[in-house]
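Right, one structure below, let's go through it.
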Amino acid sequence: MRIMLFDATRQWTGGAYRVLLFSRELKARGHEVTVCCLPGSEIAKRLGQEGIPFFTLDPRSDVNLLVVPEIVRMMRQKAVEIIDVHSPKFYWLALIAARIAGRPVIITRNVPFRKTGIKKKINSLLYGHLVDRVVSVSEKVKRELMEDYRIGDGRIEVIHDGLDMSKFEGKDHGKLESTGSVQVGVISRLDHGKGLECFIDAIPQIIRTFPDIRFLVAGSGAIEESLRLRAHELGIDDNITFAGFRHDIPELLKDIDITLLPSPDEAMSMIALESMASGVPVVATSGTGLVDIISNMENGVIVIPNDPKALADGAISLLKSDYRAFGQKAREVVREKFATDRVIDQYESLLRSLVRKKREP
């Protein structure tokens with residue numbers, strides 16, 4: 001098959017990772033894949049490094065019809081048979097281009113961004129009637145799409161993010177027994193809406209139970225300085241390290257005992273999945289798609305969002321439990337549901353069915 005995927009993220013995000021992974025795996029299976037992405041974006045750089053064909057286009061607006069002819073031209077040049085659009089900036093533009101070229105269209109929803117008013121009515125038309133299939137990265141997003149837009153169950157399919165389990169080793173907790181130290185990880189873009197202020201405010205309560213605990217914050221973003229200032233105001237500077245953006249997540253996770261995901265609203269966190277794949281259990285909020293894979297106090301902990309006390313209580317409960325065993329159970333869940341081969345099999349099957357249907361008279 002000849003497939004074109006669209007991504008409009010500039011930074012490295014879970015959605016960009018998904019596009020790169022799916023492109024890589026489909027190419028390895030003999031398919032021809034082309035990605036349309038923004039100029040200067042992180043995914044453009046990584047696609048180039050891996051030799052995956054791509055072209056760059058910045059529509060600047062999701063209603064800039066002037067770019068449609070260029071998309072149509074690239075579809076015809078590459079003889080594309082089906083497209084998958086991962087970013088709202090390209091939803092309508094790629095859809096119009098695909099209809100002109102007579103190609104089936106998938107929209108993949110990577111984030112639980114819910115609309116109201118006129119935008120909700122417009123999206124109801126888009127999801128319910130104009131695209132051939134909607135793919136959701138989690139059961140949470142599927143539930144919200146069906147509730148908001150009354151999409152029939154047959155028009156929406158859950159295909160999780162894939163994870164290369166070979167990159168992540170089962171957690172060895174030898175360090176904990178030998179030193180008595182505990183390290184909690186938070187790996188995230190340091191931006192608003194990620195629940196990081198709630199995380200900082202939860203730390204003093206956790207320290208009261210575990211005075212020697214260490215917190216490692218990996219990531220960069222707009223609110224890093226304000227988080228550092230808040231940590232200083234709370235007098236927890238000695239317990240927290242801001243490590244900046246890291247490329248070596250599998251190595252980083254070897255030194256972490258549990259991971260916190262304080263985000264109040266997230267479709268499915270790749271960092272949480274990578275933690276679980278490493279045997280590192282996660283404390284996540286009930287606003288994330290992790291509610292469908294974490295069984296409370298069995299393979300992780302679920303807490304209410306935006307509540308520092310609840311987050312602290314969840315971390316303390318996990319650390320007081322046999323979290324080593326929780327981590328192993330978490331790893332088993334990820335292997336079963338998110339292993340790359342299983343996910344790509346499902347995705348490939350969907351693509352084939354839609355292309356075959358389009359060819360039928």
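Numbers for residues simply follow the sequence, beginning at 1.
- Residues satisfying the side chain to side chain donor-acceptor pair (under 3.5 Å) test with D307, not counting sequence neighbours, are none.
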Please report the C-alpha distance between K140 and E144 in whole Å, then the side-chain angles of each, then the deciding distance to 0.1 Å, and finally whether the salt bridge (charged side-chain N to carboxylate O under 4.0 Å, His left out) criterion is met. CA-CA 6 Å; K140 166 188 164 64; E144 292 177 354; 2.8 Å; yes
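- In this model, a donor atom of one side chain and an acceptor atom of the other lie less than 3.5 Å apart for D313 and Q205.
- Taken from SG in C36 to CD in E70, the straight-line distance is 8.5 Å, to the nearest 0.5 Å.
- In this structure R99 satisfies the salt bridge (Lys or Arg N to Asp or Glu O under 4.0 Å) test together with D132, sequence neighbours excluded.
- Side-chain contact of Y347 with D84: a donor-acceptor pair under 3.5 Å is present, judged by distance alone.
- E139 pairs by the side chain to side chain donor-acceptor pair (under 3.5 Å) definition with nothing, not counting sequence neighbours.
- Every residue was checked against the side chain to side chain donor-acceptor pair (under 3.5 Å) condition with T13, not counting sequence neighbours, and none meets it.
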Distance-only donor-acceptor pairs under 3.5 Å for side chains of residues 74-82, two or more places apart:
{"unit_1": "Q77", "atom_1": "OE1", "unit_2": "R73", "atom_2": "NH1", "d": "3.0"}
{"unit_1": "E81", "atom_1": "OE1", "unit_2": "R2", "atom_2": "N", "d": "2.9"}
{"unit_1": "E81", "atom_1": "OE2", "unit_2": "R359", "atom_2": "NH2", "d": "2.2"}

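- Here the shortest heavy-atom pairing between I256 and T259 reads CG2-OG1, 4.0 Å.
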May I have the step-by-step check of side-chain hydrogen bond (donor to acceptor under 3.5 Å, both in side chains) for Y127 and R155, ending in yes or no? CA-CA 9 Å; Y127 297 136; R155 290 182 57 82; over 6 Å; no
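- Between I106 atom CD1 and I159 atom CD1 the span is 7.0 Å, to the nearest 0.5 Å.
- If you look at H86 and F6, their ring centroids are not closer than 6.0 Å.
- Salt bridge E50/R46: absent, no basic N to carboxylate O contact under 4.0 Å.
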Take K337 and D292, measure what salt bridge (charged side-chain N to carboxylate O under 4.0 Å, His left out) needs, and give me the verdict at the end. CA-CA 11 Å; K337 295 180 178 291; D292 293 306; over 6 Å; no
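- Counting only N and O atoms by type, the side chains of H31 and E348 include a donor and acceptor under 3.5 Å apart.
- One finds the CD atom of E274 at 8.5 Å from the NZ atom of K167 (value rounded to the nearest 0.5 Å).
- Checked against side chain to side chain donor-acceptor pair (under 3.5 Å), S263 has the following partners two or more places apart in sequence or in another chain: E266.
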Could you walk me through whether R230 and D201 pass the salt bridge (charged side-chain N to carboxylate O under 4.0 Å, His left out) check? CA-CA 8 Å; R230 180 59 177 160; D201 287 344; 2.8 Å; yes
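- For the pair F199/I240, a side-chain contact is recorded, criterion being any heavy-atom separation below 4.5 Å from C-beta on.
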